[in-house]
Amino acid sequence: MGADLNSFTDAVVEQNPLHAKFLASSLEGMSDDLRRELISYLDYCTRRGLGIDYLADCYSTIVNDTRTEQLFFWKYGRYRYDRFRDVADKVYLDDAYMNKYMYGLALTAFLWPNHAALSEFFERSFPRGKKGAYLEIGPGHGYYLKRAAELGAFETLTGIDLSPTSVEMTRDILAHSGFTSRGGVHVLERDFLDFSANDATYSCVVMGEVLEHVEDPGLFLRKIAELSDRDTHIFVTTCCNAPAVDHIFLFRSPHDVEDLVLGSGLDIVDSTYVPYAGKTLEECERDALSVNVAYVLRKR
């Protein structure tokens, strides 16, 4: 399984014994390609000097904080916060917490089947070899941006994130993978709504797990439309009924997301829905259970 992976799973179970069954099931169902990617990511982290116990703690932080927010949601039927200012200092601007949050979130992309399904859809739908300019809003830990650099042939790659921790992490994983040395790679610390592209358009725009973190997701979708032309490959993910410590915009169903997309001047080309384990989309909507959604979009 890989020494680091064995050590990591042992550390997670030691910290969180109740998670052992889920972790074993996840690893059993994991594809060989995804397992190799996970081992490679753990190797990258340990080469940066991060200890296995620290990485296990990062992952456990995501697990435990998400569980706490799920209990709140099931009790009150809403997310704990609905204003960005209520979570900014607690999450995005707290360097120690944000580091743990980002490394933990990156690990869920391999270990949580719903997040792994979104990553698989990203790779399956990605326009391999596409040229031009790539833009990613909220790269977070930088893994999607790294994969886009590997799969595409873009002359420029730009990431925009308001968290200084995320900017640093994205720059680091790109540098580790050898992409920053070739030029044309920029990771900017700023609010996407303040970003100006000087009338340029992008050939590929990616925004993974951002809409649920902002007060007005329609503004973000409309700005993406402004920065795109009809040939732009647009990839967007979000979630419904999926509480987390920094989720502030609650989509009740995929229909809510799609109405917003269509009202923002974008059309849906392809999509994937990942309902709560063992449930249908209809059951999730009826019982307010989580659904992850991902879309390939085009400007209308």
Side-chain angles (χ1 to χ4, degrees), residues 109 114-140 142-161 184-186 188 191-240 242 249 251-275 281 291-300:
N114 57 331
H115 286 188
L118 297 183
S119 297
E120 189 276 333
F121 182 65
F122 172 81
E123 301 225 1
R124 175 166 55 83
S125 62
F126 197 86
R128 294 172 185 249
K130 194 170 184 67
K131 299 181 179 180
Y134 174 93
L135 174 66
E136 184 165 338
I137 303 106
Y143 198 78
Y144 270 176
L145 211 164
K146 180 185 85 76
R147 289 299 289 145
E150 292 168 345
L151 297 172
F154 303 103
E155 285 81 19
T156 64
L157 298 107
T158 302
I160 299 173
D161 204 301
V185 179
H186 310 282
L188 310 175
D191 187 329
F192 173 59
L193 297 180
D194 296 331
F195 174 68
S196 173
N198 298 319
D199 297 324
T201 57
Y202 290 86
S203 60
C204 186
V205 179
V206 170
M207 184 169 65
E209 303 299 290
V210 169
L211 294 180
E212 67 273 22
H213 297 264
V214 300
E215 294 181 27
D216 189 346
L219 283 176
F220 282 69
L221 290 169
R222 291 193 292 275
K223 178 135 190 178
I224 286 175
E226 292 172 5
L227 295 172
S228 304
D229 58 34
R230 297 189 67 181
D231 293 324
T232 301
H233 176 87
I234 303 167
F235 180 87
V236 172
T237 75
T238 188
C239 51
C240 313
F249 193 94
F251 293 106
R252 299 282 181 181
S253 77
H255 303 294
D256 293 344
V257 183
E258 289 154 17
D259 287 346
L260 197 62
V261 166
L262 296 174
S264 302
L266 301 167
D267 287 325
I268 298 169
V269 176
D270 197 2
S271 59
T272 193
Y273 307 93
V274 189
L281 284 173
V291 179
N292 290 90
V293 294
Y295 302 96
V296 175
L297 308 174
R298 288 286 186 273
K299 184 174 182 175
R300 188 174 306 125

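Bear in mind the structure is a predicted one, so any value in this text is a computation, not a measurement.
Side-chain atoms of Asp256 and Cys240, non-hydrogen and from C-beta on, never get closer than 4.5 Å to each other. Within the 4.5 Å cutoff, the side chain of Ile268 has heavy atoms near those of the Leu297 side chain. Side-chain contact check for Phe251 versus Pro217: some heavy-atom pair is nearer than 4.5 Å. A heavy-atom distance below 4.5 Å is not found between the side chains of Ile137 and Lys223. Side-chain contact check for Val236 versus Phe220: every heavy-atom pair is 4.5 Å or farther apart. The closest side-chain heavy-atom distance from Thr238 to Phe249 is not below 4.5 Å.
Here the closest heavy-atom approach between residue Leu145 and residue Gly159 is recorded as CD1-CA, 3.9 Å. For the pair Leu118 and Ala294, the tightest heavy-atom approach, listed with the atom from each and the gap, is CD2-CB, 3.8 Å. Taking each heavy atom of Leu221 and Leu266 in turn, the nearest pair found is O-CD1, 3.8 Å. Pairing each heavy atom of Pro139 with each of Ile160, the nearest pair is CD-O, 3.2 Å. When all heavy atoms of Asn292 and Cys239 are compared, the pair lying nearest together is ND2-CB, 3.9 Å. A pairwise comparison of heavy atoms in His233 and Arg298 identifies CA-NH1, 3.3 Å as the closest pair.
Judged by distance alone, with hydrogens and angles left aside, the side-chain atoms of Lys299 form a donor-acceptor pair with the main-chain N or O of Ala225 at under 3.5 Å. The closest donor-acceptor contact from the side chain of Thr232 to the backbone of Ile234 lies at 3.5 Å or more, if one exists at all.
Considering CG of Leu260 and NE2 of His255, their distance stands at 14.5 Å, rounded to 0.5 Å. If you take CG on Leu219 and CD1 on Ile224, they are separated by 11.5 Å, rounding to the nearest 0.5 Å. Note that CZ of Phe192 and CG of Asp161 are 12.0 Å apart. Values are rounded to the nearest 0.5 Å.
Salt bridge annotation for Asp267-Arg300: present, with a cationic side-chain nitrogen under 4.0 angstrom from a carboxylate oxygen. A salt bridge links Glu150 and Arg147; the closest N-O separation between the charged side-chain nitrogens and carboxylate oxygens is under 4.0 Å.
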Review item, side-chain donor-acceptor pairs of residues 125-135, under 3.5 Å, at least two apart:
from: Ser125; atom 1: OG; to: Phe121; atom 2: O; distance (Å): 2.7
from: Arg128; atom 1: NH2; to: Glu123; atom 2: O; distance (Å): 3.3
from: Tyr134; atom 1: OH; to: Glu136; atom 2: OE1; distance (Å): 2.6

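By the 6.0 Å contact criterion, CZ on Arg230 is open, its count of non-hydrogen atoms from other residues, nucleotides or ligands being 12 or less.
Between Tyr144 and Phe122, the ring-plane angle classifies as parallel under the 30° and 60° cut-offs.
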